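Okay, structure first, notes after.
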Amino acid sequence: MTLESIGYYPHFAAHFEAYSQQGLRPARVVFEGRSDFRVLSECGEIPATLIGKLLYASDGRDNLPVIGDWVVVDILDESPKRAIIYAILPRVSVLSRKEAGRRIREQPIAANIDTIFIAMGLDGNFNLRRVERYLALALESGAEPVVLLTKADLCMDVAACIAVVERVAPGIPICAVSTLGGESMDQLDAYLAPGRTVVLLGSSGVGKSTIINYLMGDEAQSVNGVRQSDSMGRHTTTNRRIFITPSGTLVVDTPGMRELQLWNASDGLGEAFSDIEEIAASCRFIDCRHESEPGCAVRRAVEDGCIDSNRMENYCKMLRELQYLELRQETSPASAERVKWKQIHKEARHFKKGQ
């Protein structure tokens, strides 16, 4: 195994130079528990803990390593081996949501990912508004989103479902798959190259663990059933971890999400609803909320049938959510720090695209 085979891009090597003369090594976080980590380096996979100043300088889990991070470690020469995490290398992408509950705080889900599979079941789980929300976060992250319609064997008209999703995810690749038989899974090969990192994102019961088992060729993850009433599942996955498939792809499995609130996703929202934002540019007022203002081009487009009313309402709902979040963040003492790291992540994405 080499570092390059687990996603060590030139971007990370360039930022590691500052540590290379200190006897430290780069490693990747491949397991993230509540208070423990495991990292993978040229020495193999070993448990890791945080150096004190990194742990105590963080507010809760803010600025702590997450699954997929490249970190700077000191590997202690003892039996069994263990590592001390000294620093986190700047990320090329990060998928984040607002922490569940009332606190205004970021919760990173995964870092340094190349592709996000937005998984949605073609059963009772099918929900276009959920796809739009996941898509806004995915586009903000800097990774490439792909809509993965799972359980295609349960759907009577797959083509019709794909057509419906295409209307809310224009230009986004859409794959309808089923692990039964497996032929449809070949569509994913384009995203499963060696050294690439993909993450499966979706609610409980959409079949994320089943897909990972298929890609791994064994029972890497346990699988639970779903409720017949709404196709929701129990949380099979409780921790975030990276699996390396036989083909060399790194696959991040995440716990199913019952709540997915946006976090600093204004750019992603604009991309996910580019059709609405293009029309909104013609509104009479630049700060139009598309509610009762005169001269609203968006409402007129809804009345003319150019925009689906449910899609418009979901867009307005997420726009208000982001505006409220931004207002709350402006009163937070950590807001300047968040702005700084968001800019660092954006610069890293441009570096990756140009490499």
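Values in this document were obtained by computation on a predicted structure and should not be read as measured data.
Within the 3.5 Å criterion, the main-chain N or O of Leu269 finds no donor-acceptor partner in the side chain of Glu140. The backbone N or O of Gly202 lies less than 3.5 Å from a partner atom in the side chain of Lys208, making a donor-acceptor pair. For Asp304 (side chain) and Cys306 (main-chain N/O), no donor-acceptor pair under 3.5 Å exists by modelled atom type. Looking only at distances, a side-chain donor or acceptor of Asp69 sits under 3.5 Å from a matching main-chain atom of Val66. Counting only distance, with no hydrogens or angles, the side chain of Ser93 and the backbone of Ile113 share a donor-acceptor pair below 3.5 Å. The backbone N or O of Cys288 sits nowhere less than 3.5 Å from a side-chain atom of Glu293 that would complete a donor-acceptor pair. Thr249 places a side-chain N or O within donor-acceptor distance of the main-chain N or O of Ala193, the cut-off being under 3.5 Å. For the pair Asp114 (side chain) and Thr197 (backbone), a donor-acceptor distance under 3.5 Å is present. In terms of modelled atom types and a separation under 3.5 Å, the side chain of Arg299 and the main chain of Glu291 share a donor-acceptor contact. Checked by atom type and distance alone, the side chain of Arg240 never pairs as donor or acceptor with a backbone atom of Gly68 at under 3.5 Å.
Distance check: Ile162 CD1 to Leu149 CG gives 6.0 Å after rounding to the nearest 0.5 Å. Taking CD of Glu32 as the reference point, atom OG1 of Thr254 lies at 11.0 Å (rounded to 0.5 Å). A distance of 6.5 Å separates CZ of Phe12 from CZ of Arg28, quoted to the nearest 0.5 Å. With rounding to the nearest 0.5 angstrom, the CZ atom of Phe16 is 6.0 Å from the CG atom of Leu24. Note: Ile88 CD1 to Trp70 CH2 = 14.0 Å, rounded to the nearest 0.5 Å. Note that CZ of Arg133 and CD1 of Ile118 are 12.5 Å apart. Values are rounded to the nearest 0.5 Å.
In Arg129, the CZ atom is crowded: over 12 heavy atoms of neighbouring residues, nucleotides or ligands sit closer than 6.0 Å. Atom CD of Gln323 has more than 12 heavy atoms from other residues, nucleotides or ligands within 6.0 Å. Around atom CD of Gln22, more than 12 heavy atoms belonging to other residues, nucleotides or ligands sit under 6.0 Å away. Within 6.0 Å of CZ in Arg25 there are 12 or fewer heavy atoms belonging to other residues, nucleotides or ligands.
Ion pairing of Glu132 with Lys317 is absent here, as no side-chain N (NZ or NE/NH1/NH2) approaches a carboxylate O to less than 4.0 Å.
Within the 4.5 Å cutoff, side-chain heavy atoms of Leu148 are placed close to those of Leu200. A 4.5 Å side-chain heavy-atom check between Glu321 and Gln261 finds at least one atom pair inside the cut-off. The closest side-chain heavy-atom distance from Ile116 to Ser141 is below 4.5 Å. Using a 4.5 Å heavy-atom threshold, the side chains of Ile244 and Leu40 count as touching. Residues Val147 and Tyr134 have side chains not in contact (no heavy-atom distance under 4.5 Å, counting atoms from C-beta outward). Annotation: side chain of Pro65 is in contact with side chain of Leu50 (closest heavy-atom distance under 4.5 Å). Between Thr245 and Leu192 there is no side-chain heavy-atom pair separated by less than 4.5 Å. Annotation: side chain of Asn264 is not in contact with side chain of Glu106 (no heavy-atom distance under 4.5 Å).
Heavy atoms only, all atoms of each residue included: Met318 and Leu262 are closest at CB-CD1, 3.6 Å. Residues Val146 and Ile172 come closest through the heavy atom pair CA-CG2, 4.3 Å. Nearest heavy-atom pair, Ser5 versus Leu250, reported as atom, atom and distance to 0.1 Å: O-CD1, 3.8 Å. Here the shortest heavy-atom pairing between Met185 and Ile211 reads CE-CG2, 4.0 Å. Across Thr150 and Gly121, no two heavy atoms sit closer than the pair OG1-CA, 3.2 Å. Contact between Ala138 and Pro145 at its shortest, heavy atoms only, is CB-CB, 3.8 Å.
Taking the six-membered ring where the residue is Trp, Tyr191 and Phe117 present perpendicular rings, their angle passing 60° and hence far from 30°.
Tracing side-chain contacts under 4.5 Å through hydrophobic residues (I, L, V, M, F, W, Y), one reaches Val29 starting from Leu76; they form part of the same cluster. Residues Leu215 and Leu180 do not share a hydrophobic cluster, defined by chaining ILVMFWY side chains whose heavy atoms lie under 4.5 Å apart. Hydrophobic clustering, with ILVMFWY side chains joined whenever heavy atoms are under 4.5 angstrom apart, keeps Leu154 apart from Phe126. Put simply, Val252 and Phe31 are part of two different groups of oily side chains (I, L, V, M, F, W, Y) that touch within less than 4.5 Å, one to the next.
Under the ring pair (Phe, Tyr, Trp, His ring centres under 6.0 Å) criterion, His15 pairs with His11, sequence neighbours left out.
The closest side-chain donor-acceptor pair between Gln107 and Arg97 falls under 3.5 angstrom.
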Practice prompt. Before giving the answer on side chain to side chain contact (heavy atoms under 4.5 Å, CB included), spell out for Ser41 and Val73 the whole-Å C-alpha distance, their side-chain angles and the decisive distance to 0.1 Å.
Written response: CA-CA 9 Å; Ser41 72; Val73 301; 5.6 Å; no
Item to complete: Begin from the C-alpha positions of Leu89 and Tyr19 and carry the test side chain to side chain contact (heavy atoms under 4.5 Å, CB included) through to its verdict.
Response: CA-CA 11 Å; Leu89 296 178; Tyr19 303 94; 4.2 Å; yes
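Note on residues 279-324: pairs passing ring-ring contact (aromatic ring centres under 6.0 Å, His included), not counting sequence neighbours, are Phe273-Tyr315.
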